[in-house]
Chemist: 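Following this message is one structure expressed as structure tokens.
Fair warning: this is a prediction, and the values are worked out from it, not measured in the lab.
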Amino acid sequence: MEPFRVILLPGSVLPADLAYRALIQALGPEVQAVAKDLELYKTDEPPADWTLDTEVDGVQREADERGWQTFHLVGYSGGGAAALAFAAKHPDRLQSLALLEPAWAGNWDWSPAYTRHWKQYQELESLPPEQFMPAFMRLQVRPDVVLPPQEPGPPPPWMAKRPAGIRAFLRSFKEYDLDRARLAAFDRPVFFALGGLSHPDDYGEIAARLARVFFPDFHLEVFPHRHHFDPPHRIEPDRLAEGLRRHWASVEASTPAA
């Protein structure tokens, strides 16, 4: 069997290498995994015309440069939103889709609880930088979760780009048209990893809503002790790797030989 070909998209905070180093090691040599950084951070400031389509185009270029006509796509948080956009735009390129708590999943079919929760994200834009990140993190976990304190010492240089990048994601989510019909027509298997300590009105609601899009093969795997800021790809990489390999193997087993 040839190695699984996989592109992994990070969220809006950690660079791809730091985000996925443990998972790539756990996946082992039978997986040809590429941790791809977001196009958003190629320049010091987010490009004025940046949208999720910028990330979609970046994934397509990465695959084309590697000669991958088809591949598996994994996306976490903001990268998960970009992965959904890619699935809607280029379903023929994907063998499967894996979503690790995508930050957003379209502007349709919102529940009242999710609508109220999302309004709080919009209110973040008025906060000064020192308040923005703590408030942003707090919205994504259950109220009783104790978030880790900031590490001592100066932040890494790449962190300076993150508040503006997160704001760019939030603006794009308001305006981007994630086509519900095209996403509902996506017929490849979908894997969704959900942290049991993540906010249920956020990621739990997104998981339920995507399941209702009628993906023909939607597998939800819950990690009871994880939340959005200690996600399974960093804290439980062996378990997640096992689930992903099983997911990809089932795809290839069901694909007729050429």
Side-chain angles (χ1 to χ4, degrees), residues 5-16 19-20 33-110 114 118 121-122 124-125 136 158 161-192 202-203 206-207 209-210 213 215:
R5 297 175 300 191
V6 183
I7 294 177
L8 305 121
L9 297 178
S12 59
V13 179
L14 282 183
Y20 286 118
V34 176
K36 182 194 177 301
D37 277 311
L38 297 174
E39 302 291 311
L40 179 64
Y41 295 127
K42 283 191 170 181
T43 53
D44 289 339
E45 294 291 332
D49 60 349
W50 180 90
T51 72
L52 289 179
D53 282 338
T54 311
E55 302 301 332
V56 169
D57 293 343
V59 171
Q60 187 162 235
R61 279 195 305 274
E62 182 76 34
D64 289 345
E65 289 169 3
R66 294 175 178 276
W68 293 0
Q69 180 57 37
T70 60
F71 54 95
H72 303 279
L73 182 59
V74 177
Y76 161 72
S77 195
L84 280 166
F86 190 94
K89 293 265 184 178
H90 304 289
D92 56 309
R93 300 296 299 268
L94 294 185
Q95 293 173 277
S96 78
L97 179 64
L99 303 168
L100 315 177
E101 295 195 340
W104 174 84
N107 291 324
W108 28 260
D109 295 356
W110 287 11
Y114 185 80
W118 188 252
Y121 278 108
Q122 303 306 315
L124 296 179
E125 297 209 21
F136 173 73
W158 49 261
K161 299 182 180 182
R162 269 44 189 182
I166 292 168
R167 286 184 166 95
F169 264 112
L170 293 174
R171 287 193 296 271
S172 186
F173 295 161
K174 285 193 294 186
E175 302 166 359
Y176 191 83
D177 179 20
L178 182 63
D179 192 313
R180 188 189 192 285
R182 288 181 64 87
L183 201 62
F186 183 72
D187 63 357
R188 301 282 77 205
V190 177
F191 177 99
F192 194 112
D202 197 336
Y203 301 109
I206 286 176
R209 180 154 47 94
L210 286 177
V213 173
F215 290 128

Chemist: Nearest heavy-atom pair of Y203 and F192: which atoms, and what distance?
Modeler: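 Residues Y203 and F192, closest heavy atoms: O-CZ, 4.0 Å.
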
Chemist: About how many Å separate CG of L73 and NZ of K36, when rounded to the nearest 0.5 Å?
Modeler: 10.5 Å

Chemist: The test is side chain to side chain contact (heavy atoms under 4.5 Å, CB included); show your working for L210 and L84 and say whether it passes.
Modeler: CA-CA 10 Å; L210 286 177; L84 280 166; 4.2 Å; yes

Chemist: Does the side chain of W104 reach to within under 4.5 Å of the side chain of L178, using non-hydrogen atoms?
Modeler: yes

Chemist: Please check if atom CD in E125 has more than 12 non-hydrogen atoms from other residues, nucleotides or ligands closer than 6.0 Å.
Modeler: yes

Chemist: With the side chain counted from C-beta on, respond yes when F173 and N107 share a heavy-atom pair under 4.5 Å apart, and no when they do not.
Modeler: no

Chemist: So, for K89 and V56, which heavy atoms are closest and what is the spacing to 0.1 Å?
Modeler: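 Shortest heavy-atom contact: CB-CG1, 4.3 Å.
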
Chemist: If you compare all heavy atoms of R162 against all heavy atoms of V13, which two are closest, and at what distance to 0.1 Å?
Modeler: NE-O, 2.6 Å

Chemist: Which atom names give the shortest non-hydrogen contact between A19 and P10, and what distance separates them?
Modeler: CB-CB, 4.3 Å

Chemist: Check step by step if side chain to side chain contact (heavy atoms under 4.5 Å, CB included) holds for F186 and V213.
Modeler: CA-CA 9 Å; F186 183 72; V213 173; over 6 Å; no

Chemist: Find out whether I166 and F169 are in side-chain contact, i.e. whether some heavy atom of one side chain is under 4.5 Å from a heavy atom of the other.
Modeler: no

Chemist: If you apply the rule side chain to side chain contact (heavy atoms under 4.5 Å, CB included), what do you find for Y114 with D202, and how did you get there?
Modeler: CA-CA 6 Å; Y114 185 80; D202 197 336; 4.0 Å; yes

Chemist: Working note: W110 + W118, criterion side chain to side chain contact (heavy atoms under 4.5 Å, CB included); need CA distance, chi angles, decisive distance, verdict.
Modeler: CA-CA 10 Å; W110 287 11; W118 188 252; 3.2 Å; yes

Chemist: Hydrogens and angles aside, do E55 and W50 bring a side-chain donor and acceptor to less than 3.5 Å of each other?
Modeler: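 There is such a pair between these side chains.
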
Chemist: Knowing that exactly one of R93, R188, R5 qualifies, which makes a side-chain contact (heavy atoms from CB on, under 4.5 Å) with T70?
Modeler: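 The residue from R93, R188, R5 that satisfies side-chain contact (heavy atoms from CB on, under 4.5 Å) with T70 turns out to be R5.
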
Chemist: So, does D37 use its side chain to make a donor-acceptor pair with the main chain of P15 at under 3.5 Å?
Modeler: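 Checking the backbone N and O of P15 against the side chain of D37, no donor-acceptor pair under 3.5 Å is found.
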
Chemist: Any cation-pi pair here, R167 with F136, using under 6.0 Å and within 45°?
Modeler: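 Ring-cation test returns no.
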
Chemist: Could you tell me whether E65 and R61 have a side-chain N and a carboxylate O separated by less than 4.0 Å?
Modeler: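 No salt bridge links E65 with R61.
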
Chemist: Under a 4.5 Å cut-off applied to non-hydrogen side-chain atoms, are L40 and T54 in contact?
Modeler: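 Side-chain contact under 4.5 Å: no.
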
Chemist: Do Y76 and L9 come within less than 4.5 Å of each other through their side chains, counting heavy atoms only?
Modeler: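 No, every pair of side-chain atoms sits at 4.5 Å or beyond.
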
Chemist: Just say parallel, tilted or perpendicular for the rings of F86 and H90, cut-offs at 30° and 60°.
Modeler: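 Plane angle between 30° and 60°, so tilted.
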
Chemist: Determine yes or no for a side-chain-to-main-chain donor-acceptor pair under 3.5 angstrom, with R209 supplying the side chain and W108 the backbone.
Modeler: yes

Chemist: Who pairs with R180 by salt bridge (charged side-chain N to carboxylate O under 4.0 Å, His left out), at least two apart in sequence or on another chain?
Modeler: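 So R180 forms a salt bridge (charged side-chain N to carboxylate O under 4.0 Å, His left out) with D109.
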
Chemist: Compute whether any side-chain donor of one residue and acceptor of the other, for Y176 and D53, lie under 3.5 angstrom apart.
Modeler: yes

Chemist: Looking only at non-hydrogen atoms, find the nearest pair between G11 and L38 and report the distance.
Modeler: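 Heavy atoms of G11 and L38 come nearest at O-CD1, 3.4 Å.
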
Chemist: In a check of side-chain contact (heavy atoms from CB on, under 4.5 Å) between Y20 and each of V34, L14, L8, which one passes?
Modeler: L8

Chemist: Quick check: are there more than 12 heavy atoms from other residues, nucleotides or ligands sitting under 6.0 Å from CG of D92?
Modeler: yes

Chemist: Kindly compute the distance separating CD (Q69) from CG (D64), expressed to the nearest 0.5 Å.
Modeler: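 Result: 7.5 Å between the selected atoms.
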
Chemist: Identify the two heavy atoms, one from A81 and one from L52, that lie closest to each other, and give their separation to 0.1 Å.
Modeler: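 Nearest heavy atoms, A81 then L52: O-CD1, 4.2 Å.
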
Chemist: Give every residue pair that meets the salt bridge (Lys or Arg N to Asp or Glu O under 4.0 Å) criterion with at least one member in residues 76-87, sequence neighbours excluded.
Modeler: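 As it turns out, there is no salt bridge (Lys or Arg N to Asp or Glu O under 4.0 Å) pair with a partner in residues 76-87 once direct neighbours are skipped.
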
Chemist: Taking the side chain as every heavy atom from C-beta outward, state whether L99 and F191 have any atom pair closer than 4.5 Å.
Modeler: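 Not touching, per the 4.5 Å side-chain cut-off.
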
Chemist: May I ask you to test the L183-D179 pair for a side-chain heavy-atom distance under 4.5 Å?
Modeler: no

Chemist: Could you check whether any side-chain heavy atom of R182 comes within less than 4.5 Å of a side-chain heavy atom of P91, counting everything from C-beta outward?
Modeler: yes

